[in-house]
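A quick note: this is a predicted structure, and the numbers were derived from the prediction, not measured.
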Amino acid sequence: MSHMRRSAAVSLSVLACAVMALSACKRTETAAAPAEAAPAAAAAKPEAADATANDNLNAVLWMQRSQEYRAITEQTYRSAADHLDKALKEANWDALVPEERGNDAKGLKPAVVLDVDETVLDNSPYQARLVRDGKEYDEVTWAQWVAEKKAKAIPGVVDFAKAANAKGVTLLYISNRAVHLKEATLANLRSEGLPVADDSVFLGLGTVVEGCEQNGSEKNCRRRLAGQKYRVLMQFGDQLGDFVEVTANTNEARDALQQQYHDWFGERWWMLPNPSYGGYEPAQFNNDYSQSREARHDAKRAALDYAP
């Protein structure tokens, strides 16, 4: 989702909210999307909320300090690499849902589609700054973070990407980072050792796809565009919206999508862990970011299952 994956989070409605993509905070690759760079001054003091009580503290700490997180991402990419030959050999293998495949994929060049934020690049330092400073995601600080080009590669992704590239598979980066962040993003990807064939492999938020109307930060139009030139073998992301359009960001609708495509995960689709932000979060408070932080926190607590 892609990032943190929140560029459009504040304005997302129930129908347009899939991503809130950063995705690093509220993302457009999902609901809490990472988006960008120069952090607040080191001496900045938390404003509205006590940083020690920040909802995101444990999530960011887990992503940065737990061995379990690194083990999960590495095993995901290693397992995906083991499936590449099978996907290449099967002529009918396609990781796009039928509704997004507008042409015959047979004979097209093979590619894999990757979200960027929290799928390929780790934006947890941006989230950590928000925790430290008692802030929430906003597009200005997100853009500043992206401009720093300091995001590190997610454990396991570079080995997978190089293995795919060696087999003639093009890597496509469909991200909810805005198109004006392309240059910084591609520079960051290259500096981390990710194969970048050319500038066209980055399809950011704002990419115009003729004949397709995009809803909010949904990626369906950009996936259709990818499918016009490539046979998509696999998709990677940290948000449900990185794989399929989420037309209604509710618990019920999200559950239905996950169940509909559960057989695709671990074969065509590969999900990376991201407890820091995502479409699941705003689904608990009706996708309404105009509510106070306290109101959203209370709604999330109310959504917990206490096994009564």
Side-chain angles (χ1 to χ4, degrees), residues 1-2 29 73-121 153-177 182 185-186 189-190 192-204 207 209-212 218-245 261-272:
M1 222 218 275
S2 300
E29 289 168 7
T73 62
E74 288 174 349
Q75 75 179 15
T76 298
Y77 278 113
R78 188 177 301 119
S79 182
D82 291 341
H83 283 70
L84 263 180
D85 286 339
K86 177 182 178 182
L88 281 165
K89 290 177 182 177
E90 292 191 20
N92 294 321
W93 187 284
D94 193 2
L96 294 182
V97 298
E99 295 79 7
E100 294 179 4
R101 168 57 70 187
N103 54 296
D104 190 351
K106 291 181 180 179
L108 297 180
K109 295 181 293 184
V112 296
V113 167
L114 302 104
D115 165 52
V116 172
D117 298 304
E118 280 48 75
T119 300
V120 173
L121 294 179
I154 296 293
V157 68
V158 173
D159 287 343
F160 168 82
K162 289 182 176 179
N165 188 59
K167 294 176 185 292
V169 178
T170 300
L171 280 76
L172 304 176
Y173 303 95
I174 300 185
S175 171
N176 278 334
R177 291 187 174 201
K182 176 197 286 190
T185 299
L186 292 180
L189 291 170
R190 290 186 173 107
E192 287 298 300
L194 276 303
V196 177
D198 54 56
D199 287 4
S200 71
V201 299
F202 176 81
L203 301 175
T207 298
V209 181
E210 186 177 353
C212 187
E218 285 295 326
K219 296 180 172 181
N220 56 305
C221 290
R222 285 170 283 165
R223 287 190 292 262
R224 289 173 183 268
L225 181 61
Q228 292 173 14
K229 295 183 179 181
Y230 298 95
R231 180 166 71 99
V232 179
L233 305 180
M234 296 177 178
Q235 295 197 69
F236 295 80
D238 64 304
Q239 310 290 334
L240 193 57
D242 292 330
F243 305 93
V244 64
E245 183 178 12
Y261 294 105
H262 74 278
D263 287 343
W264 289 43
F265 289 101
E267 290 282 345
R268 290 170 170 79
W269 294 354
W270 301 86
M271 183 72 78
L272 280 298

Visitor: Locate the shortest heavy-atom distance separating Gly227 from Leu96; write the atom from each residue and the value.
Guide: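 That closest heavy-atom pairing would be CA-CD1, 3.7 Å.
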
Visitor: Would you check if there is a donor-acceptor pair between the side chains of Arg222 and Thr207 at a distance under 3.5 Å?
Guide: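 Short answer, no.
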
Visitor: Quick one: pull up CG in Leu233 and NZ in Lys86 and give me the separation to the nearest 0.5 Å.
Guide: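 Here the rounded value is 12.5 Å.
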
Visitor: Roughly how far, to the nearest 0.5 Å, is CE of Met234 from CG of Leu88?
Guide: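 That separation rounds to 8.0 Å.
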
Visitor: Determine all donor-acceptor pairs shorter than 3.5 Å in which one atom belongs to a side chain in residues 160-170; sequence neighbours excluded.
Guide:
unit_1	atom_1	unit_2	atom_2	d
Lys167	NZ	Asp85	OD1	3.0

Visitor: Just jot down the side chain to side chain donor-acceptor pair (under 3.5 Å) partners of Glu100, sequence neighbours excluded, or say none.
Guide: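 So Glu100 forms a side chain to side chain donor-acceptor pair (under 3.5 Å) with Arg223.
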
Visitor: For the side chain of Arg231 and the backbone of Asp94, is there at least one donor-acceptor N/O pair under 3.5 Å apart?
Guide: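 Answer holds: no.
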
Visitor: Kindly state each residue pair satisfying ring-ring contact (aromatic ring centres under 6.0 Å, His included) with at least one member in residues 93-121, sequence neighbours excluded.
Guide: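 Sorted pair list comes back empty.
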
Visitor: For Thr73 versus Pro155, what's the shortest heavy-atom pair and its separation?
Guide: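 Closest pair (atom of Thr73, atom of Pro155, distance): OG1-O, 3.0 Å.
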
Visitor: How long is the span from the NZ atom in Lys182 to the CG atom in Leu189, to the nearest 0.5 Å?
Guide: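 If I round to the nearest 0.5 Å, the distance is 12.0 Å.
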
Visitor: Do Phe243 and Tyr261 have side chains that get closer than 4.5 Å, going by heavy atoms?
Guide: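 Of all side-chain heavy-atom pairs linking Tyr261 with Phe243, none is under 4.5 Å.
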
Visitor: Using a 4.5 Å cut-off on heavy atoms from C-beta on, say whether the side chain of Ile154 contacts that of Thr119.
Guide: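 A side-chain contact is absent here, since even the closest heavy-atom pair is not under 4.5 Å.
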
Visitor: Can you tell me how far the OH atom of Tyr230 sits from the NZ atom of Lys109, to the nearest 0.5 Å?
Guide: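 One gets 4.0 Å once the value is rounded to the nearest 0.5 Å.
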
Visitor: What closest approach, in Å, do Glu192 and Ala153 show between heavy atoms, and which atom pair accounts for it?
Guide: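 Looks like OE1-N, 2.9 Å.
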
Visitor: Any idea which heavy atoms bring His83 and Ser79 closest together, and the distance?
Guide: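 Smallest interatomic distance, heavy atoms only, reads ND1-O, 2.9 Å.
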
Visitor: Compile the donor-acceptor pairs under 3.5 Å between side chains in residues 194-204 and protein atoms, sequence neighbours left out, one pair per line.
Guide:
unit_1	atom_1	unit_2	atom_2	d
Asp198	OD1	Ser200	N	2.8
Asp198	OD1	Ser200	OG	2.3

Visitor: Residues two or more places apart in sequence or in another chain: which of them pass ring-ring contact (aromatic ring centres under 6.0 Å, His included) with Tyr173?
Guide: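 Scan of Tyr173 (ring-ring contact (aromatic ring centres under 6.0 Å, His included), adjacent residues dropped) gives none.
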
Visitor: Are any non-hydrogen side-chain atoms of Lys219 and Asp242 less than 4.5 angstrom apart?
Guide: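 Counting from C-beta outward, Lys219 and Asp242 do come under 4.5 Å.
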
Visitor: Looking only at heavy atoms, what is the nearest atom pair of Leu172 and Ala111, with distance?
Guide: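 Heavy atoms of Leu172 and Ala111 come nearest at CD1-CB, 3.9 Å.
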
Visitor: In chain order, what residues pass the side-chain contact (heavy atoms from CB on, under 4.5 Å) check against Asn103, with sequence neighbours excluded?
Guide: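 In terms of side-chain contact (heavy atoms from CB on, under 4.5 Å), with neighbours along the sequence ignored, Asn103 is linked to Arg101, Leu108, Gln228.
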
Visitor: Identify, with sequence neighbours excluded, every residue that meets side-chain contact (heavy atoms from CB on, under 4.5 Å) alongside Thr76.
Guide: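 Per chain and number, Thr76 pairs via side-chain contact (heavy atoms from CB on, under 4.5 Å) with Ile72, Trp270, Leu272.
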
Visitor: When you compare the side chain of Val244 with that of Trp264, does any pair of heavy atoms fall below 4.5 Å?
Guide: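 Of all side-chain heavy-atom pairs linking Val244 with Trp264, none is under 4.5 Å.
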
Visitor: Using the side chain to side chain contact (heavy atoms under 4.5 Å, CB included) rule, take Val97 and Trp269 through it: C-alpha gap first, then chi angles, then the decisive distance, then the call.
Guide: CA-CA 11 Å; Val97 298; Trp269 294 354; 3.6 Å; yes

Visitor: Please enumerate all residues that pass salt bridge (charged side-chain N to carboxylate O under 4.0 Å, His left out) together with Glu99, with sequence neighbours excluded.
Guide: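 For Glu99 there are no salt bridge (charged side-chain N to carboxylate O under 4.0 Å, His left out) partners, ignoring immediate neighbours.
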
Visitor: Over all heavy atoms of both residues, which pair between Ala226 and Ile174 is shortest? Give the atoms and the distance, please.
Guide: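 Reported closest heavy-atom pair: CB-CD1, 4.4 Å.
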
Visitor: Can you sort out the partners of Lys106 under side-chain contact (heavy atoms from CB on, under 4.5 Å), two or more places apart, ordered by chain and number?
Guide: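 By the side-chain contact (heavy atoms from CB on, under 4.5 Å) rule, Lys106 matches Asn92, Asp104.
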
Visitor: With sequence neighbours left out, what residues match Lys229 under side-chain contact (heavy atoms from CB on, under 4.5 Å)?
Guide: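 For Lys229 there are no side-chain contact (heavy atoms from CB on, under 4.5 Å) partners, ignoring immediate neighbours.
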
